[in-house]
Amino acid sequence: MNLTLPQRLYLLSYTVDKGKFEAVDLQGRGQLLRAGALAELTFEGLLAAEDGKVLRRDIGSPPADTFLAEVWRDLPDEKPKNWLQYVHNKATTAEEPVRDQLAAAGLITLPGKRTLSPIASHQVTVNDPQQVLDLQETVRRTVAAGLDPAAAAADELAMAVLPVQCEMTSVLSWKQMREHKQALGALAERFDALVPGLRKATRDSFLVTRGVGGGWGR
């Protein structure tokens with residue numbers, strides 16, 4: 001199965017040695033998945049990004065992936081608008097469709113019983129932890145290899161840059177983020193050149209929701 005960028009970002013937030021998604025990495029994951037979808041759509045030429053704003057390009061058919069198509073249809077097709085509302089406004093509903101896709105593909109197993117806890121629905125079982133480890137190692141290699149950011153694949157660039165905006169520590173610890181601050185800055189600069197405005201919108205959305213104790217997806 002060829003995973004979309006949102007699907008890979010979902011799996012990246014799993015902490016393999018603890019066998020769960022830690023609460024600290026769940027707050028803001030909706031923004032992360034929305035940002036991943038917006039980045040992938042831009043890389044595929046389905047969105048136009050300019051001057052910190054975004055416009056849908058109606059060329060050909062909508063994306064085959066249902067979540068990408070849903071995000072794509074949210075975007076304006078006449079006048080460019082700021083990224084923030086498209087990262088932020090539907091962040092709390094972003095997780096369920098991606099989670100259901102991964103469950104349907106047999107990559108995760110959903111909890112048997114839903115409760116009122118905002119955390120319980122996220123405690124799924126990842127059926128192949130090695131797949132997560134491989135994804136995480138790809139990100140660490142992108143950050144630590146010291147390569148020219150322009151040589152990094154666009155999707156790997158996004159997997160390295162976007163989780164940092166939501167302070168996700170399942171891939172890079174705070175210590176590793178500090179150690180690789182310069183490399184992460186260079187990768188972020190390259191990402192900004194490809195998708196101008198999206199990284200800032202993701203960070204701003206995360207900070208707003210964290211500040212009010214929100215950011216929990218459904």
Side-chain angles (χ1 to χ4, degrees), residues 3-15 21-22 24-54 67-68 71 82-84 86-88 91 94-95 98 132-210 215 217:
L3 297 178
T4 65
L5 185 51
Q7 289 166 351
R8 281 176 280 171
L9 288 168
Y10 181 100
L11 292 173
L12 276 173
S13 62
Y14 188 71
T15 302
F21 294 102
E22 294 200 87
V24 67
D25 292 324
L26 293 175
Q27 194 174 24
R29 191 166 64 178
Q31 285 92 335
L32 181 64
L33 301 184
R34 291 280 300 185
L38 291 165
E40 182 163 349
L41 291 167
T42 305
F43 298 154
E44 295 295 325
L46 294 172
L47 300 181
E50 186 176 347
D51 296 328
K53 296 184 178 182
V54 60
F67 180 64
L68 292 179
V71 173
N82 191 283
W83 289 101
L84 181 59
Y86 304 108
V87 174
H88 188 81
E95 294 193 50
V98 176
V132 176
L133 291 173
D134 290 344
L135 285 171
Q136 293 175 344
E137 182 56 31
T138 295
V139 174
R140 294 185 188 110
R141 188 168 56 246
T142 299
V143 172
L147 301 177
D148 180 358
D155 58 341
E156 294 179 4
L157 195 66
M159 288 194 295
V161 169
L162 290 176
V164 175
Q165 312 314 308
C166 297
E167 300 184 5
M168 193 174 85
T169 58
S170 57
V171 182
L172 297 173
S173 66
W174 284 110
K175 180 175 182 291
Q176 289 171 320
M177 287 187 219
R178 289 192 296 270
E179 288 173 349
H180 298 292
K181 182 178 180 179
Q182 185 173 352
L184 285 167
L187 292 169
E189 185 176 341
R190 173 59 179 165
F191 181 84
D192 290 346
L194 296 177
V195 199
L198 178 57
R199 182 176 64 88
K200 182 180 184 301
T202 304
R203 181 63 176 166
D204 288 348
S205 177
F206 172 76
L207 291 175
V208 167
T209 54
R210 187 187 64 177

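Keep in mind that what you see is a predicted model, and the values were worked out from it rather than measured.
- Within the 3.5 Å criterion, the main-chain N or O of Tyr14 finds a donor-acceptor partner in the side chain of Gln136.
- More than 12 heavy atoms of other residues, nucleotides or ligands sit less than 6.0 Å from atom CD of Glu137.
- Under a 4.0 Å N-O distance rule, the pair Arg8/Asp155 qualifies as a salt bridge.
- Leu41 approaches Leu68 most closely through the heavy-atom pair CD1-O, 3.8 Å.
- Two residues are said to be in side-chain contact when any heavy atoms from C-beta on lie closer than 4.5 Å; Leu162 and Phe191 meet this criterion.
- The distance from the NZ atom of Lys181 to the CD atom of Glu179 is 13.5 Å, given to the nearest 0.5 Å.
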Intermediate values then yes/no, side chain to side chain contact (heavy atoms under 4.5 Å, CB included), Leu172 and Leu184: CA-CA 11 Å; Leu172 297 173; Leu184 285 167; 4.2 Å; yes
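- Residues Leu3 and Tyr10 are not in side-chain contact: their nearest non-hydrogen atoms beyond the backbone lie 4.5 Å or more apart.
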Walk me through whether Val143 and Arg140 qualify under side chain to side chain contact (heavy atoms under 4.5 Å, CB included). CA-CA 5 Å; Val143 172; Arg140 294 185 188 110; 5.8 Å; no
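- Checked options Val98, Leu135, Asp134; the residue passing with Leu11 is Leu135 (criterion: side chain to side chain contact (heavy atoms under 4.5 Å, CB included)).
- Note that Arg34 lies outside the cation-pi zone of Tyr86, set by a 6.0 Å cut-off to the ring centre and a 45° limit from the axis.
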Under the side chain to side chain donor-acceptor pair (under 3.5 Å) criterion, do Gln31 and Ser205 qualify, and how do the steps go? CA-CA 7 Å; Gln31 285 92 335; Ser205 177; 3.2 Å; yes
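- Put simply, the side chain of Leu38 does not reach to within 4.5 Å of the side chain of Val195, judged on heavy atoms.
- Scanning both residues, Met168 and Met177, for their nearest heavy atoms gives O-CE, 3.4 Å.
- Minimum heavy-atom separation, Ala160 to Thr142: CB-CG2, 4.3 Å.
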Does the pair Arg199 and Glu189 meet the rule for a salt bridge (charged side-chain N to carboxylate O under 4.0 Å, His left out), with working shown? CA-CA 10 Å; Arg199 182 176 64 88; Glu189 185 176 341; over 6 Å; no
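- With 3.5 Å as the limit, one finds no donor-acceptor pair spanning the side chains of Ser170 and Glu22.
- A cation-pi arrangement is present between Arg29 and Phe21, with the terminal nitrogen or guanidinium carbon under 6.0 Å from the aromatic centre and inside a 45° cone about the axis.
- Taking both residues in full, the closest heavy atoms of Leu157 and Ala152 are given as CD1-CB, 4.2 Å, listed atom of the first, atom of the second, then distance.
- Contact of the Pro163 side chain with the Leu32 side chain is registered, since non-hydrogen atoms from C-beta on lie closer than 4.5 Å.
- Nearest heavy-atom pair across Ala49 and Trp83 is CB-CZ2, 3.5 Å.
- Put simply, CG on Leu33 and SG on Cys166 are 9.0 Å apart, with the number rounded to the nearest 0.5 Å.
- Between the CZ atom in Phe67 and the CD atom in Glu95 there is a gap of 9.5 Å [rounded to 0.5 Å].
- Residues Leu198 and Thr42 have side chains not in contact (no heavy-atom distance under 4.5 Å, counting atoms from C-beta outward).
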Begin with the C-alpha distance, continue with both residues' side-chain angles, and end with the deciding distance and a verdict on side chain to side chain contact (heavy atoms under 4.5 Å, CB included) for Phe206 and Val87. CA-CA 9 Å; Phe206 172 76; Val87 174; over 6 Å; no
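- The distance from atom CZ of Arg190 to atom CG of Asp148, rounded to the nearest 0.5 Å, is 8.0 Å.
- Taking OG1 of Thr4 as the reference point, atom CD of Glu44 lies at 11.0 Å (rounded to 0.5 Å).
- At a threshold of 4.5 Å between non-hydrogen side-chain atoms, the residues Val139 and Glu156 do not count as touching.
- The nearest pair of heavy atoms linking Leu5 to Glu40 is N-OE1, 2.6 Å.
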